[in-house]
Amino acid sequence: MTLDNLAVPLRALRLLAVDFPHLPAPDVDVSPIYPEWLRLSFHDTTCDSLAAFEQWRSVLRIGADTVDCRTQNGGRTRVLKAEGRFAGAVIVLTAYADQPAADRTPTGQAGGIR
């Protein structure tokens, strides 16, 4: 595989940078394992990452009803995940944030990411 095989997600990333420079910067992942995917993730111990996720979800027109909300780490970490398409690439948005103490599920009952 060559870098040219990653042209679709790299082109999408370039367009996102031009079209939405005001949005929060995500962690970006492009991999030859999934050459059509562009993964954008947000990691924060506050809910800022969830707000960033929502901003990106909104501009990418990914429906709120498609968001998967789970917990991990024994219910201590909230995880949002959604997928959409942009410029021919599959965009995978993921956000991680500390779960407020009052909302934590007991260990063993937390769901994993699909």
Can you tell me if S49 uses its side chain to pair, donor with acceptor, with the backbone of Y96 under 3.5 Å?
yes
Please report the interatomic distance [atom1]([X]) to [atom2]([Y]), rounded to the nearest 0.5 Å.
X   : Y   : atom1 : atom2 : result
L40 : L93 : CG    : CG    : 5.5 Å
E36 : N5  : CD    : CG    : 9.0 Å
L13 : D29 : CG    : CG    : 11.0 Å
D68 : L80 : CG    : CG    : 8.5 Å

Where do [X] and [Y] come nearest, in terms of heavy atoms and distance?
X   : Y   : result
A87 : V8  : O-CG1, 4.2 Å
A97 : L50 : CB-CG, 3.8 Å
P24 : Q55 : CD-OE1, 2.9 Å
D44 : D48 : OD2-CB, 3.4 Å
A12 : A89 : CB-CB, 3.8 Å
R57 : G63 : NH1-C, 3.7 Å

Would a hydrophobic clustering, with Ile, Leu, Val, Met, Phe, Trp and Tyr connected at side-chain separations under 4.5 Å, put [X] with [Y]?
X   : Y   : result
Y34 : I62 : no
L23 : I91 : yes
I33 : V92 : yes
V30 : L3  : yes
V90 : F53 : no

Verify the neighbour count for atom CZ of F20: are there more than 12 heavy atoms of other residues, nucleotides or ligands below 6.0 Å?
yes
Is the F42 ring parallel, tilted or perpendicular to the W56 ring (thresholds 30°, 60°)?
tilted
Contact check, side chains of V18 and L15, non-hydrogen atoms, under 4.5 Å
no
Quick check: do L60 and L16 have side-chain heavy atoms less than 4.5 Å from each other?
yes
side-chain contact (heavy atoms from CB on, under 4.5 Å) for D19 and F86? Distances and angles first, verdict last.
CA-CA 12 Å; D19 292 347; F86 180 80; 4.0 Å; yes
Judged by modelled atom types alone, do R78 and Q99 share a side-chain donor-acceptor pair under 3.5 Å?
yes
